[in-house]
Amino acid sequence: MVKDLFERIQKNKGPLGKWASQAEGYYVFPKLEGPLANRMMFHGKEVINWSINDYLGLANHPEIRKVDAEAAAEYGSAYPMGARMMSGHTSYHEQLEQELAAFVKKEAAYLLNFGYQGMVSTIDALVSKNDIIVYDVDSHACIIDGVRLHMGKRFTYKHNDIESLEKNLERASNMAETTGGGILVITEGVFGMRGQQGKLKEIVALKEKFNFRLLVDDAHGFGTLGKTGAGAGEEQGCQDGIDVYFSTFAKSMASIGAFVAADKDVIDFLKYNLRSQMFAKSLPMLLVKGALKRLDMLRTMPELKDKLWENVQALQNGLKERGFNIGDTNTCVTPVYLEGSIPEAMVMVNDLRENYNIFLSIVVYPVIPKGIILLRMIPTATHTMQDINETLAAYEAIREKLENGTYKKIAAETTVDVSGE
């Protein structure tokens, strides 16, 4: 008998979906309102916002708002119409690509409509069924989904573990000799949950021993790391060793879109083989003009990155001084690791938002191991010392409640679906 396709969906909502009745609208799909800033409105109250990736504070910057508005007034949201290859190409798209390539010190660049789909499609285009992919096991979902499209072999190596990578490169090399293909290594410039930089310099050094190409997703590094803000490769002094550099506009650039940069022959290939761009409408002009302005400010206003790092250091040092575990982050991403169940985590976040006016992201199983609560904060250039001090005081208060069982008691008195917990 053929089952109803939706039977599985109706019976099993998934590890996160099963919490929807209690979580949706508050813990997930929350509604932050008001201008994008360090403080926004949530459920009618002003909260300190640690949950948007507006690293440099460009999202609501008056100069940015002015350019965005002028571009929207001049071009609307439709222009140019059609895919780049057919009718959606302009000199401004070319200009942005040229400026991005120069900024990250690559020969050429290609604009992408979205970071997620762009990474998926880039991986798909770069490899054939005879090629081998070797990638960090903690890679972002966009990398995982890109690898899933690969018709050939793939190996994961332990997170940021160069010895594990080397072993898998040996396996991949042996296999590639049989298939007649090549090897693509994929990692991130910054891992967005833990805040660790990928070990790019050590990976590049392995090129002396193995023949592979390196693709780096630097979504959180672009604009925040390196002397000029050109990212993790610049920070580690190995940008030349990154064969394909990828980043999104959704973080430091506070917009929509992405780009991939590499040698000209690689970009020329991607322009004619990247299916997510070949068959998609061109990035609208208002976003292109806005990105040009954002890139200009990123290049010419180093004080934005300086202020960001002043806030990062104040927040992270304050947490460490108070005995909190922030792991081994060496970027702006600021995780705080606590021990507790999902119900305790839900009560804790409710307490933070309702009684301490702190809004941040909560990460629990299955994203991280069971029994761990990760509270992730994204400092920005717009945060103030008052924001940081109020947050540090709130953290001390919630830690005490977690340790003395207050949250566990409240959770036990609340009807919570803990199946599979």
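For residues 368-413, the set of pairs meeting the ring pair (Phe, Tyr, Trp, His ring centres under 6.0 Å) definition, not counting sequence neighbours, comprises Trp50-His383, Phe324-Tyr395.
A salt bridge links Glu234 and Lys105; the closest N-O separation between the charged side-chain nitrogens and carboxylate oxygens is under 4.0 Å. Between Glu403 and Lys408 there is no salt bridge, since no side-chain N of the basic residue sits under 4.0 Å from a carboxylate O of the acidic one. The existence of a salt bridge linking Lys307 and Glu303 is excluded, since no basic side-chain nitrogen approaches an acidic carboxylate oxygen closer than 4.0 Å. We find that Asp68 and Arg65 are not joined by a salt bridge, their nearest charged nitrogen and carboxylate oxygen being 4.0 Å or further apart. The pair Asp131-Lys153 fails the salt-bridge criterion, with no side-chain N (NZ, NE, NH1 or NH2) lying under 4.0 Å from an Asp/Glu carboxylate O. Under a 4.0 Å N-O distance rule, the pair Glu70/Lys289 does not qualify as a salt bridge.
Closest of all the heavy-atom pairs between Ile123 and Ile143 is CD1-O, 3.7 Å.
Looking at Arg376, its side chain does come within 3.5 Å of a backbone N or O of Gly192 through a donor-acceptor pair. Lys31 contributes no side-chain N or O that, together with a main-chain N or O of Gly25, makes up a donor-acceptor pair within less than 3.5 Å. Looking at Thr331, its side chain does come within 3.5 Å of a backbone N or O of Gly195 through a donor-acceptor pair. Formation of a donor-acceptor pair under 3.5 Å by the Glu235 side chain with backbone atoms of Gly226 is found in this model.
With no hydrogens or angles considered, no side-chain donor-acceptor pair links Glu46 and Asn357 at under 3.5 Å. In this model, no donor atom of one side chain and acceptor atom of the other lie less than 3.5 Å apart for Arg39 and Asn49. Using modelled atom types and a 3.5 Å distance limit, the side chains of Asn130 and Ser128 yield no donor-acceptor pair. Using modelled atom types and a 3.5 Å distance limit, the side chains of Asn168 and Arg171 yield a donor-acceptor pair. Between the side chains of Ser361 and Ser51, at least one donor-acceptor pair of N or O atoms lies under 3.5 Å. Asp387 and Thr384 share a donor-acceptor pair across their side chains, judged by distance under 3.5 Å alone. Side-chain contact of Tyr116 with His140: a donor-acceptor pair under 3.5 Å is absent, judged by distance alone. When only modelled atom types and interatomic distance are considered, Thr334 and Gln316 share a side-chain donor-acceptor pair under 3.5 Å.
Phe191 and His159 have their aromatic ring centers within a separation under 6.0 angstrom. Here the two rings, on Phe259 and Phe222, have centers that are under 6.0 Å apart.
Within a 6.0 Å radius of CD in Gln10, more than 12 heavy atoms belonging to other residues, nucleotides or ligands are found. No more than 12 heavy atoms of other residues, nucleotides or ligands lie within 6.0 Å of CZ in Arg275, so this atom counts as exposed by the packing criterion.
Counting only heavy atoms from C-beta outward, the side chains of Thr406 and Ile410 approach each other to under 4.5 Å. Under the 4.5 Å side-chain criterion, counting only non-hydrogen atoms from C-beta, Phe212 is not in contact with Ile133. In this structure, Tyr27 and Val349 have side chains that are in contact, with non-hydrogen atoms separated by less than 4.5 Å. The closest side-chain heavy-atom distance from Ile267 to Glu107 is not below 4.5 Å. For the pair Leu56/Thr380, no side-chain contact is recorded, criterion being any heavy-atom separation below 4.5 Å from C-beta on. Counting heavy atoms from C-beta outward, Lys401 and Glu344 have side chains that stay 4.5 Å or more apart.
Because its NZ or CZ atom is not both nearer than 6.0 Å to the ring centre of Tyr245 and within 45° of the ring axis, Lys106 does not count as a cation-pi partner of that residue. A cation-pi arrangement is present between Arg353 and Phe42, with the terminal nitrogen or guanidinium carbon under 6.0 Å from the aromatic centre and inside a 45° cone about the axis.
In this structure, the separation between OH on Tyr135 and CG on Asp217 is 14.5 Å, given to the nearest 0.5 Å.
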Would you sort out whether Lys158 and Glu163 count as a salt bridge (Lys or Arg N to Asp or Glu O under 4.0 Å), showing the intermediate values? CA-CA 9 Å; Lys158 295 177 183 178; Glu163 182 180 351; over 6 Å; no
